[in-house]
Structure formats: structure tokens, C-alpha cells
Protein chains: 2
Amino acid sequence: MPVKSLPVSAMELRSFPLLKPLREEMLTELASTARALEFAGNEVVFRAGEPAAALYGVLSGSVVLYRSSADGREQVVHDTGAGRTIAEAAVFQYGSFPVHARAGTRGARLAQVEGARFLAILDRDPAAMHSVLAALCRRLHELVDRVEILSLPDAGQRLARFLLRLPAEGRAGSFRVRLPVAKKDLAAQLAMTPETLSRVLKRWREQAWAVVLDDEIELLDAAALEQIAAES
Amino acid sequence: MPVKSLPVSAMELRSFPLLKPLREEMLTELASTARALEFAGNEVVFRAGEPAAALYGVLSGSVVLYRSSADGREQVVHDTGAGRTIAEAAVFQYGSFPVHARAGTRGARLAQVEGARFLAILDRDPAAMHSVLAALCRRLHELVDRVEILSLPDAGQRLARFLLRLPAEGRAGSFRVRLPVAKKDLAAQLAMTPETLSRVLKRWREQAWAVVLDDEIELLDAAALEQIAAES
DNA sequence: CGGAATCTTGAACGATTTCAACGGTAGTGG
DNA sequence: CCACTACCGTTGAAATCGTTCAAGATTCCG
């Protein structure tokens, strides 16, 4: 059992995409019965087969989801970090946990949210339910896009695709975008090193396709980039 | 306006992840007011600002979502193919389409599903709503996993991670998995060429970490693979 | 004014892709 | 039943691309 059990704030709950669309009063209600649990390293959070009475959000640390085979070997199904929620699907279907969960080796802080309470809130307010649905759909699209981008073998292609669907301003043929994150984080998001990102931009600059000023990039030859992005 | 408007079968609707969890009778009801629309190349499906009265599933061909800037330049936001649904988020929030949509250059066949009808079905049956939510959550997890895998720079790492969370059977230290798809498709899913996949498996074979028989792979040294997968 | 962090650039190495060829298998049509 | 073809999977060799390691430039912050 967890070392400590403390109250959770509505704000903390809002850090989870699943709960984010809820209105303030709903989050407060949810928070009233939610608990922040501190688990020691490798401590069990729940076991497969137990009724899924609550869903868990990872506040810090990590949680390992695993199956245990007959011989006691542990097969890791999942290894989730902060910001992820766990067991929502089981909760929505009134089911049991399909896998075991334990804290990572360095422990974890989890928000435990009563499943029934969450469902009740959604069931009594269709608009909130629709918001949650809409949010999930948007996030799904976003992820599908990221998978598509990450599947491209060429670093330039990945960057071009990413930039071309950023909100842009400018005229035909040439336009300007603002990077939403630091270059090093962008690089990570596009599965390349910062060095490679820098070099791709340099190459584009040399070919007069782009001008870079800090986090602003002026795409001079949209046609060229679109061709790169479309290749394959 | 579309060239043809034909009825859609419940079965066709089930091919979309969003609708898949619905019970047969619900799909039939949905299908009764749904239409399969055939769009010619580049034909407009809907315009930004119009009320989102329906959501669309791509049956074949592709749909391009785009914004148009003041000068008439067209910025592509999205390029979706068969199996994807469009505009669900807007429908769930009773909003307007945020972008324009047109068929790809080679046309498209779309299932047009009445948004109000879909919402009505879900609102009157909480269990169905919960199934849809659960399905979306599961798919979300799946995609987050894929993004994580695709972000790994090393081909061996990607394959190891993938294999280790496949349903497995076997004893401690050694177990067997069955590939869910052909090797060439697996390679594509892991963002590598079939050749590279073949070579990674060969290397593992030479190190006595694995034995491959068609689509069955015996992992002899789970510890070694786990270490590879965990690195970085 | 340090000092840290980000970004850039260079060079060398390593990995993966590419190109090419071959064996095996399944499906097709004679 | 047997070519014959087409596709998948494998292997080899070469080339390319990205990473790694190292260093310098710049900015921001204490």
C-alpha cells in the first residue's frame, strides 16, 4: 500500500488530456474524492483481475504495466511517465484491470481518480462528455500525424512536413512560421539530433529555400519544400 | 456537389475506429441516414465556417484538409486516406468546420454520417458512449506507444521494443512470439527497410539471441533484448 | 562578469539505405 | 502437372545519411 495519501488539486488533474476538457466545477468535484498516492519503487499499484474502480494519472515518476506469466516471469506491456493516464479504458467498460501495475524502480506519485464518479459526471452532462470525446479525437489526429511524420526516413522530409502544417503567415510562394518549441525539442520531436536539424536548415539556407532568425523561419520556396515533403 | 450518393452498409461504417464499438442495431440506424458520396478530383467536400452537421469517413481515395490564406494560397493541414474519419471533433462540439476539405486529385468516396444522429445514439445509451470512449483511449495508448518506438534512433531497439510487448508464450529467459503482419509491413511500421529488418534478425541469430521460422520468432535471450530496448 | 544552455559548425565514424542479385513460394494459365 | 510469373525475404557491396564527438559562438541568467 502507498506510503502517503494526500489530496489532489483540480489543477493537477487538468494536466491529464482526458480530464482537461472538464469544467472547473467538475474537476473540483472529481478532486474531492481523488487522492495523490505515493508509491515506493516497484510497489504494486493494482493487480490484473481486480475490478477497475479507479483510473490513475501519473503525476511524477513512472508506472510499469506488466503481465506475469506462469513461471513468474514479468512481461512489460507498457512503461508510462508523467502526464499519462492509466486504466481509463477498463474504467469506461466497467471491467477489471487487464494487467498488473507497479511503480517504476524510483517510485511514483499517482493521482487516483474514482472511476464511478468520473463516469457519473460525464453521464449527467452530455456537453462535457462531448468535449471529452472531441478532445480525444483531436489528440488522436495529432498522434496519427506524428506517426506519419516519424515514419519518413529522411530528416529533411520530416522537417518539411512539420513546418508546412504550422500556422503560417505570408504570401504565395513564400511565408513565415514560428517554431512552437526550442530547436532542440523540435529535433527530439522529429526524431533527429539538434545537429542534424541545424544542418538541414543550413542546407535550405544555402539553396535559398529558407531564412532562419531564431525561432522564426521564412520559407522562401514553398514549392520546393512541398515537393520534398511529398516525396516517397 | 458529389457525383453520386449511394446508401452505406453498417459493415462499411464499422471500418472506422470511432464507430466500431457500436452495436449492430446502432450502426444500422446510423447507416439508414448515412450516404456514400463520390467526389471527383479536387471537388470541395465542405468549407470552413459551415456548421459541422456531419462527420465523414474516407472509404477510398483521399481527402485534403486545407486553409486558404488571404491571397488564395492553399495551406494543406492534413491529407487523410482510407479508414480515417474527418471532422468528428467539430461535430462533437456542435461547432463549424475549422478548415476546408476537398477530395484528393484522384477523387474520393466518403461516408457521410449525420452528426446529430450519432450523438443522439450515444446520448441515449451510456454503455455505447463508454465503449466509444474506451476504444478511443485504447487507440490513443497504441499510438503513443508507436510514437515512442519510432522516436528511437536504432533499428534494433525499435524491433526489440516491438517484439517485447507482443503477446508471448514461453518460459523464463526464452519465449516465442508470432509476427502479426508480414515482415515487409512490419518493417514499414518500424520505419526501416525490409533489408534492415532481415539483417537485424540475422545479427540476433548469429548472437544466439533469436531463432526465426517464418513469422514465428523464438527469443532465446530475453534479457539481452530487454537491455537493447531499454538503452538510451 | 562568470556560467550554463542553446545553437552552430566541422570531421570521422557508423548505421541504414540503396542497388542488385538470388532462392523460395504461391498463384496462374497452359 | 508443369512452366511461368510475381512477390517476399535474404544476402552482398557500395554509397549515403545521420550520429557522435569536439569545439566555438551566442544568448540568457544568476
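Numbers restart at 1 for each chain; the letters A, B, ... are given by sequence-line order, proteins then strands. Since we're looking at a predicted model, the values are computed, not measured. Just so it is clear, the values below take in all heavy atoms, side chains as well, and ignore hydrogens, waters and symmetry mates.
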Roughly, in whole Å, what's the span from [atom1] in [X] to [atom2] in [N]?
X	N	atom1	atom2	result
Leu197(A)	dG18(D)	CG	P	12 Å
Leu159(B)	dT16(C)	CG	C1'	14 Å
Leu152(A)	dG18(D)	CG	C1'	15 Å
Leu201(B)	dC8(D)	CG	C1'	14 Å
Glu206(A)	dT8(C)	CD	P	13 Å
Met192(A)	dT16(C)	CE	P	17 Å
Asp154(B)	dT19(D)	CG	P	11 Å
Arg203(A)	dT8(C)	CZ	P	14 Å

**Study point:** Cation over ring face, Arg102(B) and Tyr66(B), 6.0 Å, 45°
**Key:** yes

Check your understanding: Looking only at heavy atoms, what is the nearest atom pair of Trp204(A) and Gly156(A), with distance?
Key -> CZ2-O, 3.8 Å

It should be established whether [X] places a side-chain nitrogen or oxygen under 4.0 Å from OP1 or OP2 of nucleotide [N].
X	N	answer
Lys183(A)	dT8(C)	yes
Thr196(B)	dT16(C)	no
Thr193(B)	dT17(C)	yes

Practice item. If the plane angle is over 60° it's perpendicular, under 30° parallel, otherwise tilted; pick one for Phe46(A) and Phe97(A). Key: parallel

Practice item. Give a yes or no on whether a donor-acceptor pair under 3.5 Å exists between the nucleobase atoms of dC21(D), that is its base, and the side chain of Glu195(A). Key: yes

Check your understanding: So does Arg199(B) reach the base of dG12(D) with its side chain, donor to acceptor, closer than 3.5 Å?
Key -> yes

Exercise for review: Please determine if Glu195(B) and Lys202(B) form a salt bridge, counting it only when a charged side-chain N lies under 4.0 Å from a carboxylate O.
Suggested key: no

**Study point:** Residues Glu148(B), Arg84(A): salt bridge by 4.0 Å N-O rule
**Key:** yes

Check your understanding: Between Arg158(A) and Asp214(A), which is nearer to the 5' end of DNA chain D once each is assigned its nearest nucleotide?
Key -> Arg158(A)

Point to revise | Lys184(B), nearest nucleotide to its side chain (from dT19(D), dT16(C), dC8(D)) | key: dC8(D)

Review point. Using a cut-off of 4.0 Å on non-hydrogen atoms, how would the nucleic acid contact of Ala187(B) be classed: base, sugar-phosphate, or nothing?
Key: nothing

